Amino acid sequence: GMAGAAARGPLPFLLLLLLPAATAEPELRFRPPAEAPVRLFTEPELARYDGHQEGQPIYLAVKGVVFDVTSGKEFYGKGAPYNPLVGKDSTRGVAKMSLDPADLTHDTTGLTEEELKSLDDIFNNVYKAKYPIVGYTSRRILNEDGSPNLDFKPEDQPHFSIKDEF
């Protein structure tokens with residue numbers, strides 16, 4: 001009789017209190033980790049990471065993507081063979097396999113089909129596969145007028161695993 005009804009009465013109210021928690025919980029549990037904020041590098045900022053300062057990371061940009069190549073110090077560090085590539089966007093140099101100062105630029109104007117294919121191979125199979133992405137050059141993220149480029153998408157790095165150079 002009455003006792004049963006009284007016992008049932010508070011239940012919907014309790015459920016309402018519990019529901020938000022109950023629905024929020026699995027959502028929190030299964031939410032993928034928040035995207036790390038995208039770090040933007042200006043040319044002068046990138047230039048600081050050129051391997052010449054002891055204890056500083058070494059960064060190299062290819063196609064506007066900034067990679068931390070510190071683990072390849074023997075290639076990219078001060079006095080190492082590929083040191084001219086670091087601290088800047090060296091897309092053209094990577095495409096042409098050139099360390100000529102004139103090629104150490106983001107500019108890909110006039111590259112051959114072959115060079116562009118080589119660039120993509122090295123970008124995907126060397127840099128993206130071996131070195132963590134730490135950010136993007138402002139040229140990759142912004143339009144000429146400095147406004148955000150709405151087509152910008154961060155690179156995914158699903159096959160990233162620290163591999164030895166040889």
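Just so you know, these numbers come straight off a predicted model, no measurement behind them.
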Side chains of [X] and [Y]: closer than 4.5 Å at any heavy-atom pair?
{"X": "K88", "Y": "L60", "answer": "no"}
{"X": "L40", "Y": "L142", "answer": "yes"}
{"X": "T91", "Y": "L119", "answer": "yes"}
{"X": "K117", "Y": "E113", "answer": "no"}
{"X": "I122", "Y": "Y127", "answer": "yes"}
{"X": "F123", "Y": "V65", "answer": "yes"}
{"X": "Y136", "Y": "P154", "answer": "yes"}
{"X": "F67", "Y": "V134", "answer": "no"}

Treating [X] as the side-chain partner and [Y] as the backbone partner, does any N or O pair qualify as donor plus acceptor under 3.5 Å?
{"X": "N83", "Y": "G77", "result": "yes"}
{"X": "K128", "Y": "E155", "result": "no"}
{"X": "Q56", "Y": "Q53", "result": "no"}
{"X": "D68", "Y": "Y59", "result": "no"}

Please report the interatomic distance [atom1]([X]) to [atom2]([Y]), rounded to the nearest 0.5 Å.
{"X": "L99", "Y": "L104", "atom1": "CG", "atom2": "CG", "answer": "6.5 Å"}
{"X": "M97", "Y": "E115", "atom1": "CE", "atom2": "CD", "answer": "10.0 Å"}
{"X": "Y82", "Y": "I58", "atom1": "OH", "atom2": "CD1", "answer": "14.5 Å"}
{"X": "N149", "Y": "R140", "atom1": "CG", "atom2": "CZ", "answer": "9.0 Å"}

Heavy atoms only: give me the nearest [X]-[Y] pair and the separation to one decimal.
{"X": "S118", "Y": "A95", "value": "OG-O, 3.9 Å"}
{"X": "P84", "Y": "S90", "value": "O-OG, 4.5 Å"}
{"X": "A80", "Y": "E74", "value": "CB-O, 3.3 Å"}
{"X": "L85", "Y": "S98", "value": "CD2-O, 4.3 Å"}
{"X": "G64", "Y": "D89", "value": "N-OD2, 2.9 Å"}
{"X": "N143", "Y": "P148", "value": "ND2-O, 3.2 Å"}

Inset, instruction - I would like to know whether S147 and D145 meet side-chain hydrogen bond (donor to acceptor under 3.5 Å, both in side chains); could you show each step before the answer? - result: CA-CA 6 Å; S147 62; D145 64 2; 2.6 Å; yes
Legend entry - side-chain contact (heavy atoms from CB on, under 4.5 Å) against R139, all qualifying residues, sequence neighbours excluded: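 Once residues adjacent in sequence are excluded, the partners of R139 under the side-chain contact (heavy atoms from CB on, under 4.5 Å) criterion are E43, H106, T137.
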Legend entry - Residues which pass side-chain contact (heavy atoms from CB on, under 4.5 Å) with E45, listed by chain and number, not counting sequence neighbours: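 For E45, the residues satisfying side-chain contact (heavy atoms from CB on, under 4.5 Å) (neighbours in sequence not counted) are R39, F41, T42, R48.
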Inset, instruction - Under the side chain to side chain contact (heavy atoms under 4.5 Å, CB included) rule, what do K130 and N125 come out as? Steps first, then yes or no, please. - result: CA-CA 8 Å; K130 285 175 32 182; N125 303 325; over 6 Å; no
Inset, instruction - Sort out for me which residue in D103, T112, T108 forms a side-chain contact (heavy atoms from CB on, under 4.5 Å) with K96. - result: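 Of the listed residues D103, T112, T108, the side-chain contact (heavy atoms from CB on, under 4.5 Å) partner of K96 is D103.
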Legend entry - Donor on one side chain, acceptor on other, T105 and D107, under 3.5 Å: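 On atom types as modelled, these side chains do not qualify, holding no pair under 3.5 Å.
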